[in-house]
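Here the structure comes first, spelled out in structure tokens, and everything after it is commentary.
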Amino acid sequence: MDLKFIRNNPELAKQIIRRRNESISIDEILQIDEVRRKTIQMRDQLRMEHRRLTEEIAQRKVQQTPVEELIIQAKELADKIRQIEAEVKQKETELEKKLAYVPNVIHESVPNEDTIVKNWGDIPKFSFKPRPHWELGETLDIIDFKRAAKLAGSRFVLFKGPGALLERSLINFCLDVHIKKHGYIEINPPSLNLEICFYNSGALPKLADEMYRCANDPFYLIPTAEVPLVNLHQNECFAEKDLPKYYTAYTPCFRREAGSYGKDVRGMIRIHQFDKVELVKFTVPEQSYHEHEKMREDVEELLQLLELPYRVKLLSPSEMAFQSAKTYDIEVWAAGCEAWLEVSSISNCENFQAKRANIRVRRNNNELEYVHILNGSGLAFPRIFIALIENNQQPDGSVLIPKVLWSYMGGITKIE
RNA sequence: GGAGAGAUGGCCGAGUGGACGAAGGCGCAUGACUCGAAAUCAUGUUUUGCCGUAAGGCAAACGGGGGUUCGAAUCCCCCUCUCUCCGCCA
């Protein structure tokens, strides 16, 4: 929601804030905006007068008639303008600060409660009690939490031998499907990004506590490749024929998990650094919901190829990310933890990020318009790794590798 | 890290204090000419904010920020990025 939207639809804006469980005050914003506009009018009026004076001075200089009196007048005016300019700037800053906390609109198809819209695959049955990944990983010597803790403390993981290979294979497999089959362009971006990029994508200011910040440099570690991918085209203007644009990137993702001390403490369901392949699309507005469904299919296809049972959840407004207008979460079943793990979140952010990052499209009719930007995980790995080894474990403690990964695993079909 | 050069509209490129939102060229759009096209000619061709139902009006912007001045693309300071050279390094 931008300022104009709020100004034209104050009641709707308030309703959206309520439904999303946000707390920013629309009335306060409108109040500041009104003062701001009045001040701008005053400023522009004075500037006009000042300009007239300046032009008069220039003319008189040419005609060599005296100008001292005019200069004194202009000087006074200039002082006054400087004052009012400062006021305008102050109001604008104040307003900007508030607007930074205004979330995106909600798409009409979003329900009030989280809704499961699809189930795929059968939950695996076992003749024995399936073990969780932290046990399996230790027995197979492919995950080492103790040594990871030596390096980085709790909530970090370290893959070893075939485990490291499996993680790497998963990454490559996902990238390859997106690149070769779905037409995404691979990007390998910096993992440290400038503050402005986080603001543009919607991570800042809201999630400041969730991110790692560099002490001596103006960077944050990215919590997702959504940040660099969305910002690739910062301050750019597409030609309509160049859209849609599909990007994918593998990056490590860093999250402080500040608000989740008691949650998912065992294993690697929730860790500070994890691998993820991300998808981002830039589209014209009228295509974005179609592209949103397509992106979801792209992600689902990976899970089907990996033979992991999953369900698709359409999120309610209070569960959606700040920048998203509509989000699907995809969750896989992990037999050892006996839980559905979120492995992808697929969002249409409409023009929210495009407005912040100033990314537009020159339409065929020559008009300028903000693009729509979508993002989705495809996929988030340690959790895929978890589901894979937990679901594919055998009575003897070994783990079968799905067929699609064999070539990536150098022919290994089983970890034992 | 040190030294130097640069950043102007969709692109190239001029502009060292007032007549510059910005010459000239290219590109693009529309029109004329043409059976049609090319060439040629003519006209047009940035964005943002504020006011206005609209037509339109006003203001701002020459990498970003600050300063000098009645007046800044032009002078001064800081920053960013690009290029060249030196140092260092996977």
Side-chain angles (χ1 to χ4, degrees), chain A residues 1-9 29-100 102 188-200 214 216-220 228 231-243 245 252 282 284 351-371:
Chain A
M1 293 191 281
D2 60 10
L3 187 55
K4 260 187 200 141
F5 179 92
I6 295 171
R7 214 187 285 156
N8 296 333
N9 313 280
I29 287 173
L30 289 172
Q31 219 170 37
I32 298 168
D33 179 49
E34 207 179 308
V35 178
R36 172 185 141 266
R37 277 148 70 204
K38 288 226 171 83
T39 321
I40 283 176
Q41 282 175 45
M42 226 154 41
R43 180 198 64 185
D44 284 356
Q45 179 63 34
L46 291 179
R47 285 220 272 231
M48 186 169 71
E49 286 168 28
H50 183 257
R51 209 182 149 148
R52 297 287 117 84
L53 269 179
T54 297
E55 278 162 9
E56 176 73 19
I57 289 168
Q59 252 179 32
R60 287 206 192 178
K61 284 239 166 150
V62 173
Q63 295 161 356
Q64 304 200 316
T65 43
V67 293
E68 285 73 30
E69 203 176 311
L70 288 187
I71 289 184
I72 291 168
Q73 271 183 48
K75 214 179 244 184
E76 277 172 17
L77 246 185
D79 279 344
K80 212 186 280 178
I81 289 170
R82 260 189 285 274
Q83 262 178 43
I84 296 195
E85 252 166 9
E87 272 174 56
V88 170
K89 199 167 251 179
Q90 195 236 322
K91 284 293 155 199
E92 279 174 348
T93 314
E94 208 177 316
L95 195 57
E96 236 167 72
K97 261 190 211 152
K98 299 273 178 201
L99 288 172
V102 174
N188 188 330
S191 294
L192 293 167
N193 282 194
L194 294 166
E195 184 165 16
I196 182 71
C197 299
F198 295 86
Y199 173 76
N200 289 343
C214 292
N216 299 321
D217 293 290
F219 304 124
Y220 288 83
N231 281 283
L232 280 183
H233 293 289
Q234 202 180 135
N235 295 316
E236 288 182 31
C237 183
F238 289 103
E240 182 164 349
K241 66 173 168 50
D242 295 331
L243 295 179
K245 206 106 185 166
F282 297 83
V284 292
N351 64 16
F352 181 93
Q353 297 171 322
K355 279 175 182 165
R356 287 190 171 194
N358 189 29
I359 304 172
R360 294 176 296 177
V361 50
R362 172 77 65 184
R363 301 306 300 253
N364 291 333
N365 65 9
N366 217 32
E367 285 191 359
L368 273 176
E369 202 172 351
Y370 288 107
V371 297

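Of the C1' atoms belonging to B/C50 and B/G66, the separation is 25 Å, rounded to the nearest Å. Taking atom P on both B/A29 and B/A38, the two are 10 Å apart, rounded to the nearest angstrom. Here the separation of B/G63 from B/A14, taken at their P atoms, is 14 Å to the nearest Å. Taking atom C1' in both B/C58 and B/C75, the straight-line distance is 29 Å, to the nearest Å. Taking the C1' atoms as reference points, B/C20 lies 28 Å from B/C41, given to the whole Å. For the C1' atom pair drawn from B/U46 and B/U40, the interatomic distance equals 28 Å after rounding to whole Å. On the P atoms, B/C79 is 25 Å away from B/G87, given to the nearest whole Å. Nucleotides B/G2 and B/A60, compared at atom P, are 39 Å apart to the nearest Å.
The closest side-chain donor-acceptor pair between A/Glu55 and A/Gln59, if any, does not fall under 3.5 angstrom.
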Exercise for the section: Do nucleotides 74-82 of chain B as a string where each nucleotide becomes B, S or -: B if the base has a protein heavy atom under 4.0 Å, S if just the sugar-phosphate does, - if no protein is that close. Expected result: ---------
Exercise for the section: Represent RNA chain B in dot-bracket notation, 5' to 3'. Only Watson-Crick or G-U wobble pairs with both distances under 3.5 Å count; pseudoknot-style crossings use [ ] and interstrand partners use |. Expected result: ((((((((.[[[..)..(.....]]]((((((.......))))))((((((....)))))).[[[[[..)....]]]]])))))))....
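Not counting sequence neighbours, the partners of A/Phe238 by the ring-ring contact (aromatic ring centres under 6.0 Å, His included) test are A/His233, A/Phe282. Listed by chain and residue number, A/Arg7, A/Ile29, A/Asp33, A/Arg36, A/Leu95, A/Leu99 satisfy the side-chain contact (heavy atoms from CB on, under 4.5 Å) test with A/Leu3 (two or more places apart in sequence, or in another chain). Contacts of A/Asn8 classified as side-chain hydrogen bond (donor to acceptor under 3.5 Å, both in side chains), with partners at least two apart in sequence or in another chain: none. For A/Arg47, the side-chain hydrogen bond (donor to acceptor under 3.5 Å, both in side chains) criterion is met by A/Glu85, not counting sequence neighbours. Listed by chain and number, the residues in a salt bridge (charged side-chain N to carboxylate O under 4.0 Å, His left out) with A/Glu34 are A/Lys38 (sequence neighbours excluded). Partners of A/Gln234 under the side-chain contact (heavy atoms from CB on, under 4.5 Å) rule, at least two apart in sequence or in another chain, are A/Ile196, A/Cys197, A/Asn200, A/Asn231, A/Ala357.
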Anything under 3.5 Å between a protein N or O and an N or O of nucleotides 66-70 of chain B, put it in a table, one pair a line.
residue: B/G66; atom: OP1; partner: A/Lys89; partner atom: NZ; Å: 2.5
residue: B/C70; atom: OP1; partner: A/Lys75; partner atom: NZ; Å: 3.2
residue: B/C70; atom: O2'; partner: A/His50; partner atom: NE2; Å: 2.9

What nitrogen or oxygen pairs link the protein and nucleotides 50-56 of chain B at under 3.5 Å?
residue: B/C50; atom: OP1; partner: A/Arg7; partner atom: NH2; Å: 3.1
residue: B/C50; atom: OP1; partner: A/Arg36; partner atom: NH2; Å: 3.0
residue: B/C51; atom: OP1; partner: A/Arg37; partner atom: NE; Å: 2.9
residue: B/C51; atom: OP1; partner: A/Arg37; partner atom: NH2; Å: 3.1

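When rounded to the nearest whole Å, the span between CD of A/Glu240 and P of B/A29 equals 15 Å. With rounding to whole Å, A/Glu85 atom CD is found 13 Å from B/G49 atom C1'. If you take CD of A/Glu92 and C1' of B/A61, they are 14 Å apart, rounded to a whole angstrom. One interatomic measurement links the two molecules: CG of A/Leu95 to P of B/U48, which rounds to 18 Å at whole-angstrom precision. The CZ-P distance, from A/Arg47 to B/G49, rounds to 15 Å in whole Å.
Backbone-only contact: A/Leu368 has heavy atoms under 4.0 Å from sugar-phosphate atoms and none from a base. Using a 4.0 Å heavy-atom distance criterion, A/Arg60 is classed as making no nucleic acid contact.
Other residues, nucleotides and ligands place more than 12 heavy atoms under 6.0 Å from the CD atom of A/Gln63. Annotation: A/Glu195, atom CD; neighbour count of heavy atoms from other residues, nucleotides and ligands within 6.0 Å does not exceed 12.
The side-chain heavy atoms of A/Arg60 and A/Ile57, taken from C-beta on, include no pair separated by under 4.5 Å. Within the 4.5 Å cutoff, the side chain of A/Leu194 has heavy atoms near those of the A/Phe219 side chain. Counting heavy atoms from C-beta on, the side chains of A/Arg82 and A/Asp79 come closer than 4.5 Å. With contacts defined as side-chain heavy-atom distances shorter than 4.5 Å, the pair A/Ile72/A/Glu76 qualifies.
Summary of the strand contacts: A/Gln45 and A/Glu55 both lie near RNA chain B, and taking for each the nucleotide with the nearest heavy atom, the more 5' one is attributed to A/Glu55.
In terms of phosphate contacts, A/Arg51 brings no side-chain nitrogen or oxygen within less than 4.0 Å of OP1 or OP2 of B/G18.
A salt bridge does not link A/Glu94 to A/Lys98: none of the charged side-chain nitrogens sits closer than 4.0 Å to a carboxylate oxygen.
Evaluation of the salt bridge (charged side-chain N to carboxylate O under 4.0 Å, His left out) test over residues 354-363 of chain A, restricted to residues two or more places apart or in two chains, returns A/Asp2-A/Lys355, A/Glu240-A/Arg363, A/Glu286-A/Arg363, A/Arg363-A/Glu369.
Atoms CZ and OG1, from A/Arg51 and A/Thr54 in turn, are 9.0 Å apart once rounded to the nearest 0.5 Å.
Heavy atoms only, all atoms of each residue included: A/Cys214 and A/Leu192 are closest at SG-CD2, 3.8 Å.
Within residues 355-363 of chain A, the residues approaching RNA chain B are A/Arg360, A/Arg362, by heavy-atom distance under 4.0 Å.
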